[in-house]
Number of protein chains: 2
Amino acid sequence: MLRVNKKIEYGIIALLYLAQKEEQTASVREMAVSCSIPEALLSKIMQTMKSQGFVQPVYGNQGGYKLTRSLTDINLLEITQTFQGPIQVAECLGSENHKCPAKALCTIISPMTVLNQKIVTLFESTSLENLANRKTAV
Amino acid sequence: MLRVNKKIEYGIIALLYLAQKEEQTASVREMAVSCSIPEALLSKIMQTMKSQGFVQPVYGNQGGYKLTRSLTDINLLEITQTFQGPIQVAECLGSENHKCPAKALCTIISPMTVLNQKIVTLFESTSLENLANRKTAV
DNA sequence: GTCTTATAAGACTAATACAGTCCAATAACA
DNA sequence: TGTTATTGGACTGTATTAGTCTTATAAGAC
Ligand code: SF4
Ligand code: SF4
């Protein structure tokens, strides 16, 4: 399947929603209702977004979250890494992990590395602004 | 992570090994030992390869499998689809499945479709011959 | 000061996919 | 008929995913 998980998708949808509201805050409930996303799950997602510095929380009545960065400044790779870890089309790529029994004799590590880099570049060159405008770069 | 599963990797390694042997057959045991792939698992993989027409079985002593198609003719997309189903970077793409609660109001279906197509194209334009030569196309 | 609104944090669950194993059956050749 | 090797099915343990629930905390409103 080669899927990006739901946290990533819901997270992006929420950030795009926040961007639309400009400087205003939006609560998790408002975003969940407006975007048909399960509220408890979105709450978790926004906590992570906060910890990564994408949004800032505002407590109390009329509170919620507001964006702290511009959509043009956030790329898909960052979001993906936040919620799904590094892109590794093969498990041996990137983080040093030697679990693969075939590694010593593997004939495809090199091309898999190239393939991985291409996917990384594709994600990296796609900003949330691109997504908001229904485009992907390159 | 965005991983391609082990069956795909082991399967490709096995096909490359077969290609190296030209017209000769190679048994699952031989391939498993030569490539450090768990034999029982590779056996399963080769069964699928056979059912998809990538290889032809030869029973009995000195038997095994032989390639039925040229490496230049097999692309990564085919292999991936065989062992992991269609590439769907978001679950709602491709196969008509409406499980996503956000679908009706989703602001990112369109760009996700474009992104998906780019990954499909990347996989499709990479032949096993490309992989054997440690390259990926485009 | 306390009520209310909202975020924060953690534990918890069910469903699915993945990696791998084991076993009994069958095909073909020597 | 024995040997080599593929075939097909069931089966297991682990990890990830998607989602829920509950309790605690921050801060403004009255
Ligand atoms: S099969 Fe090769 S590329 Fe894939 S994980 Fe193992 S060593 Fe890496
Ligand atoms: S969030 Fe949007 S793109 Fe992702 S699965 Fe749901 S409808 Fe499709």
Side-chain angles (χ1 to χ4, degrees), chain A residues 1-11 13-14 18 24-33 36-52 54-66 80 83-86 88-92 97 99-103, chain B residues 1-11 13-14 18 24-33 36-52 54-66 80 82-86 88-92 97 99-102:
Chain A
M1 301 221 174
L2 216 66
R3 290 245 355 248
V4 127
N5 70 25
K6 285 286 185 181
K7 288 186 180 179
I8 293 169
E9 298 186 70
Y10 292 159
I13 291 172
L18 277 181
Q24 295 168 62
T25 71
S27 69
V28 168
R29 172 155 300 142
E30 174 186 345
M31 292 189 282
V33 170
S36 291
I37 296 171
E39 185 179 335
L41 180 54
L42 184 56
S43 172
K44 282 285 154 211
I45 294 168
M46 294 312 292
Q47 283 172 39
T48 305
M49 287 292 187
K50 172 212 147 198
S51 77
Q52 294 301 115
F54 294 112
V55 296
Q56 203 176 5
V58 178
Y59 283 77
N61 196 14
Q62 302 301 317
Y65 289 97
K66 58 177 150 186
T80 304
F83 292 102
Q84 227 172 7
Q88 289 176 254
V89 78
E91 80 166 336
C92 69
N97 135 339
K99 274 178 300 195
C100 181
K103 187 156 190 182
Chain B
M1 302 223 171
L2 217 64
R3 289 245 356 245
V4 128
N5 69 26
K6 285 287 186 180
K7 289 186 181 180
I8 292 169
E9 298 186 71
Y10 292 159
I13 291 172
L18 278 180
Q24 296 169 59
T25 71
S27 69
V28 168
R29 172 155 299 142
E30 175 186 346
M31 291 189 282
V33 170
S36 291
I37 296 171
E39 184 178 335
L41 180 54
L42 183 57
S43 172
K44 282 283 154 217
I45 294 168
M46 294 311 292
Q47 284 172 38
T48 305
M49 287 292 187
K50 172 212 148 198
S51 77
Q52 294 301 114
F54 294 112
V55 297
Q56 203 175 4
V58 178
Y59 284 75
N61 196 14
Q62 303 300 316
Y65 289 98
K66 59 176 149 185
T80 303
T82 298
F83 292 101
Q84 228 173 7
Q88 290 176 254
V89 78
E91 80 165 336
C92 70
N97 135 337
K99 273 177 301 192
C100 181

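As the structure is a prediction and not an experimental result, all values here were calculated from the model. We name chains A, B, ... by the order of the sequence lines, and we start the count at 1 in each one.
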message: Show, in sequence, the C-alpha distance, side-chain angles and deciding distance for A/M46 and A/M31, and conclude whether the side-chain contact (heavy atoms from CB on, under 4.5 Å) test is met.
response: CA-CA 10 Å; A/M46 294 312 292; A/M31 292 189 282; 4.0 Å; yes
Distances under 3.5 Å between protein N/O atoms and the N/O atoms of nucleotides 18-21 of chain D, please, pair by pair.
unit_1, atom_1, unit_2, atom_2, d
D/dA18, OP1, A/K6, N, 3.3
D/dA18, OP2, A/K6, N, 2.9

Side chain to side chain donor-acceptor pair (under 3.5 Å) against A/Q62, all qualifying residues, sequence neighbours excluded: none
- prompt: What nucleic acid atoms does A/Q84 come within less than 4.0 Å of, heavy atoms only: base, sugar-phosphate, or nothing?
  reply: sugar-phosphate
query: In chain order, what residues pass the salt bridge (charged side-chain N to carboxylate O under 4.0 Å, His left out) check against A/K6, with sequence neighbours excluded?
result: B/E91
message: Counting only heavy atoms and a strict 4.0 angstrom limit, can you tell me which residues of residues 24-32 of chain A come near DNA chain D?
response: none
task: Would you indicate whether the side-chain heavy atoms of A/I13 and A/I37 approach each other to under 4.5 Å?
output: yes
field: Side-chain heavy atoms of A/T48 within contact of A/F54, under 4.5 Å
entry: no
- request: Please examine the side chains of B/Y10 and A/P101, heavy atoms only from C-beta on, and report whether any two atoms are closer than 4.5 Å.
  value: yes
field: Boundaries of the DNA chain C segment in contact with chain A, non-hydrogen, under 4.0 Å
entry: C/dT5 to C/dG10
message: What's A/S43 touching, base or sugar-phosphate or nothing? Going by heavy atoms closer than 4.0 Å.
response: nothing
- request: Take atom NZ of B/K66 and atom P of D/dA5, then tell me their distance rounded to the nearest Å.
  value: 16 Å
side-chain contact (heavy atoms from CB on, under 4.5 Å) evaluation trace for A/E39 with A/R29: CA-CA 6 Å; A/E39 185 179 335; A/R29 172 155 300 142; 3.2 Å; yes
message: Tell me every residue that passes side chain to side chain donor-acceptor pair (under 3.5 Å) with B/E30, counting only those two or more places apart in sequence or in another chain.
response: B/Y17, B/K21
- prompt: What integer distance in Å separates A/L2:CG from D/dT16:P?
  reply: 16 Å
- prompt: How would you list, by chain and number, every residue that makes a side-chain contact (heavy atoms from CB on, under 4.5 Å) with B/K44, sequence neighbours excluded?
  reply: B/Q47
task: Side-chain contact test, heavy atoms from C-beta onward, threshold under 4.5 Å: evaluate it for A/V4 versus A/E9 and give yes or no.
output: yes
